[in-house]
Amino acid sequence: MELDSLYQEVILDHYKRPHHKGLMADASKQVVQVHHVNPSCGDEVTLNLVVSDDRVEEISWDGVGCSISQASTSIMSDLVQGRTLTQAFEVLDSFSELMASKGTVVGDEGLLEDAVALAGVSKFPARVKCALLGWMAFKDAALQGKEGEKS
Amino acid sequence: MELDSLYQEVILDHYKRPHHKGLMADASKQVVQVHHVNPSCGDEVTLNLVVSDDRVEEISWDGVGCSISQASTSIMSDLVQGRTLTQAFEVLDSFSELMASKGTVVGDEGLLEDAVALAGVSKFPARVKCALLGWMAFKDAALQGKEGEKS
Amino acid sequence: MTLLDVQSIKADFPIFNKKMRNDARLVYLDSGATSHKPLQVLNAEREFYTLHNAAVHRGSHLLAEEASAAYEGAREKVAHFLGAAADDVVFTKSATESLNLLAYSFSNTNRGQFALAAGDEILVSEMEHHANLIPWQQLAKRTGAKLRWFGTTTEGRLDLSNIDELITERTKIVAITHQSNVLGTVNPVTDIARKAHACGAIVVLDACQSAPHFEIDVNSLGVDFLAFSGHKALAPTGVGVLWGRAELLAEMEPFLFGGSMIESVTMEAATWAPAPRKFEAGVPNMAQAVGLGAAVEYLTSIGMEKIHAHEKALTEHALQGLQNISGLTLIGPQSTIDRGGVLSFSLEEIHPHDVGQVLDQYGIAVRTGHHCAWPLMRKFGVSGTTRASFYIYNDLADVDALIDGIAATKKYFKVL
Amino acid sequence: MTLLDVQSIKADFPIFNKKMRNDARLVYLDSGATSHKPLQVLNAEREFYTLHNAAVHRGSHLLAEEASAAYEGAREKVAHFLGAAADDVVFTKSATESLNLLAYSFSNTNRGQFALAAGDEILVSEMEHHANLIPWQQLAKRTGAKLRWFGTTTEGRLDLSNIDELITERTKIVAITHQSNVLGTVNPVTDIARKAHACGAIVVLDACQSAPHFEIDVNSLGVDFLAFSGHKALAPTGVGVLWGRAELLAEMEPFLFGGSMIESVTMEAATWAPAPRKFEAGVPNMAQAVGLGAAVEYLTSIGMEKIHAHEKALTEHALQGLQNISGLTLIGPQSTIDRGGVLSFSLEEIHPHDVGQVLDQYGIAVRTGHHCAWPLMRKFGVSGTTRASFYIYNDLADVDALIDGIAATKKYFKVL
Ligand SMILES: Cc1ncc(COP(=O)(O)O)c(C=O)c1O
Ligand SMILES: Cc1ncc(COP(=O)(O)O)c(C=O)c1O
């Protein structure tokens, strides 16, 4: 069934046991918090990001949403945790490309790891924004953090 | 040609030599003045009416418009001049009915006189409002005059 | 049970020939969002374009005459459908525009009964669609008036317990939905209108989910304005209706300004044509209005009472089926009393989006999410629901397909 | 002369099979009011309804996915037609709505560059269509700003002699027409925009009579907003376009409030989605937008340059013919330089309504009256004109039919 390309086992696993879920709040650290919603379906994510020396020191999130948005945010958190922002943005770009591919590419497993399981989402245009919700929140938080540093 | 039922000779005559055209302004009389426009084509009529003892003592008008609206106003003026308001409204009702008839009735020549020449207009829905412009102005002026009397 | 002859109705709707994913037939349970269109409507539009197309009200040539007759004829059909006079029916692009028209018109004046100011109140309800909520929030913001609202009971009914507190001499506008697009609840409009009128308020009815489904008579309803969308009533997209009481339409300021709505214009100022023209600036959505005329004729030819009975039977069957599914929570009235054929539910921890996705594999089209009624979602403590809604082309087999589809969804997500 | 192959174009327009009064063929010279629709457009709409119909942006089911793709695909086509980015194209119901959207949005804020107040000025011209005049009159009234205008020369050109007086630091908005719907004059938009921008004003272009007839590139035009109507560009009724610069659309307040234009909603307040969604409240005019997509594709497949050349050739021929008719006064530019295929004239003392009526007997459809440009009529001292306007399905024989029809009109009314 076409559906299995959307809901791969690893996605359902992340959905049931999401990683990095539950907001950390360590007052000693400089946390950037963002809140993103998907207005058409009401999915929401709040994301806390701690960056030091251009590296993701700590990422955590909370939110409500479908299996795709929850799993994707969980996978994204695994992928960026500990990475430099440059590396993290490379992963993000690769994932965005995968999502825009309409099912024509399979994704770079070396770079995207579990996130390649989301390749099937790109065949369901209405779900792409679910898969991207957490990633866009991360991007926003990372850019806000950089802005904050500069000023 | 269908057109001849619209533009009868008597209509073109009234158009070229309209009756009661040119506003009378006798300061000694109580004149009700109204201004009506046909917003879709820009035709305008200004009508002065003097009523005494429930009788049309004097009607005069000025305006710009197509042959139908000009001729119809001219014919109407002839018809109501000197009549009691009751008689005038009877003519008006009969004419309105004729205009709404979509070409199915010929009109009461005894009552409507020259106005029966406008019967053909009822087959051209877009022109009915041209034919009615002056009549509606008269109706408005007569009703305003009555209102004025009461108060 | 008095069901319609769905097979012969479906023959009028070409979309049911379409093969869905996995070659499934189309089980369309999303008429609450938009309905499909019968050939009669599509053909009426095409006939307009291929035989009578011209700008209405502006020309003396034959096509312009015919186009005007078609457009005004559609207005008469819609008026007849609502038990109204033709001149009290305004064509808009949608119910959303109809409601915004009111909210803007009311703030385009600062005198008379439509003028609002600090101290005045606008009353809505917690179950409003965003289209009957945000325009009033904005009107309140523009004028300084206060927005208040009826709450909702846990059964999904309007909470009228504090109606005497809510409808007072301060209330200037009461805007409520006839039938909730989430809960299916049909509200006691006439009672509320009576109370509102006793306080001198204007009553606006959002009839998006009622006018397509049961008989409406504007006179017996007792409201002052009524809005609905053509596209939910078998008509083309791009056309809506605003009905209003003649004396109110006459007093109101226009909303959109431009051609055809004027009496006279100079560079400095303009005066307005009488209603309904005053509210229809520009070359109107002529073909869509004509399509709407054909749609209400089609509905009338089936009979609104029969449509209502048909949907009631489907709803009865669906309520039974859904109530038997463990883990399913139906949000809204649990019986067919004062409710229409719109059913919203949650399914254990399976997100509505995921429910909808599995159903889609079986050709079943439902709506998922907040249904443009976000405050109501918060009230019920959910981020969204799955919603099935019925119309004349649905039958008991469609309801059964839904029930089976939900079972399959639970199985797929291993929730048993 | 580089004329289009009108016979093969006409084969796409079923309305030309219609027999007019007295069995005459249709000589349609009223495209300035509304154009006819080719089968390609009618079929695109029908295909939407019969294969993909669903509410866009709101569902995960297949039809909703396909409907969204069709609707957003249409946006991309229109964007391409204008040389714009898809997200900067807003679908409205008409140019009238597009222009009102701007005027209301600007008064929905009281800070930033869109806020107007006493002392500010809005600049229009004497040749505006009511749709690009009255919304600004009303905005001026709401905000206390002053409305000023360019005059018109006796040749029917914009009078730019006092431009330095008219465009000053006080000027906040300049709203002008690209091509006059009465005179055919094409205005020097880019020059005016440059001057307006130097003073910090926003420039709004009414492209109703230009976008359907010659190539538009929003970047080289140099304006900030552009509006046009689908129905004058081969598209269905009920759809219009507003294009705006991305950074301005982002800053602007919404106009219509309701579903799909929100980011989040509570009972008290709401926040907005990014453009273009922010400006498209409710279930949109999906089928009409899809039809507009097909229409601009059809135009592009012919080629806008070829269309322009074709209309220029017709206009040249018509100018010659009309100028030879004694008693005929052409209002507007007497040559094809900076003018389009719209020709307005007076004929001795024969009222335009009567001219139109006689022409109608020969199947010739022209427009008569004030053409929603009443101030311009006053300027030229007429109560109305007779107007012929050309499009891709007209040929030289149509122009000759008009010339002959005018001769017949003079004869009928015994004006020789
Ligand atoms: C120059 C111009 N502007 C604006 C409009 C208004 O367009 P619509 O009536 O389609 O909204 C028209 C046509 O009626 C026009 O010719
Ligand atoms: C109850 C209700 N009100 C208003 C609307 C808005 O209608 P539209 O989007 O057609 O303008 C809808 C549907 O979307 C609705 O269900």
Side-chain angles (χ1 to χ4, degrees), chain B residues 1-18 21-22 35-47 61-75 99 102-103 117-134 137, chain D residues 19-24 30 33 129-131 133-134 181-182 331 344 346-387 405-406 408-416:
Chain B
M1 180 136 113
E2 207 180 354
L3 209 54
D4 297 334
S5 73
L6 184 63
Y7 295 115
Q8 299 205 12
E9 212 47 60
V10 49
I11 293 179
L12 296 179
D13 286 348
H14 273 279
Y15 177 41
K16 293 200 171 153
R17 281 168 297 275
K21 191 165 176 179
H35 179 75
H36 275 217
V37 300
N38 188 334
S40 61
C41 57
D43 287 1
E44 306 187 42
V45 64
T46 304
L47 190 141
W61 60 278
D62 207 346
V64 290
C66 64
S67 57
I68 305 296
S69 76
Q70 298 286 296
S72 187
T73 306
S74 170
I75 294 169
M99 287 301 102
K102 302 199 164 125
L118 289 155
V121 175
S122 69
K123 283 185 280 180
F124 295 84
R127 305 305 294 273
V128 168
K129 58 186 181 336
C130 308
L132 286 174
L133 181 66
Chain D
K19 285 268 167 270
M20 306 299 291
R21 289 195 212 272
N22 307 312
D23 266 352
D30 198 17
H129 187 281
H130 295 160
L133 170 60
I134 314 181
N181 68 312
V182 176
I331 293 168
S344 271
S346 297
L347 190 63
E348 299 264 3
E349 78 267 39
I350 311 175
H351 189 277
H353 226 142
D354 294 318
V355 176
Q357 195 78 54
V358 179
L359 294 178
D360 185 45
Q361 293 295 316
Y362 298 98
I364 304 167
V366 294
R367 188 108 316 210
T368 62
H370 55 60
H371 316 294
C372 300
W374 215 329
L376 190 65
M377 295 296 115
R378 284 204 193 82
K379 163 76 178 199
F380 281 95
V382 293
S383 73
T385 71
T386 302
R387 180 189 78 182
I406 294 171
T409 307
K410 287 172 64 179
K411 202 164 150 209
Y412 192 84
F413 285 106
K414 303 189 179 64
V415 182
L416 291 164

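In what follows, chains carry the letters A, B, and so on, assigned in the order in which the sequence lines appear, proteins first and then strands, with residues in each chain numbered from 1. Note that these values count all heavy atoms, side chains included, but never hydrogens, waters or copies made by symmetry.
For a residue to count as touching a neighbouring chain, one of its non-hydrogen atoms must lie under 4.5 Å from one of that chain's; by this rule B:Glu44 touches chain D with the side chain only. Looking at B:Tyr7, the atoms closer than 4.5 Å to chain D (heavy atoms on both sides) sit in the backbone and in the side chain alike.
With a 6.0 Å radius and a threshold of 12 heavy atoms from other residues, nucleotides or ligands, B:Lys16 has its NZ atom above the threshold.
Of the listed residues (D:Asp354, D:Val358, D:Asn22), just one forms a side-chain contact (heavy atoms from CB on, under 4.5 Å) with B:Leu3, and that residue is D:Val358.
Taking D:His371, D:His353, D:His370 one by one and counting their heavy-atom pairs under 4.5 Å with chain B, the maximum is reached by D:His353.
B:Asp43 and D:His351 form a side-chain donor-acceptor contact under 3.5 Å, judged by distance and modelled atom types alone.
In this structure, the side chains of D:Ile350 and B:Tyr15 stay at 4.5 Å or more apart for every pair of heavy atoms.
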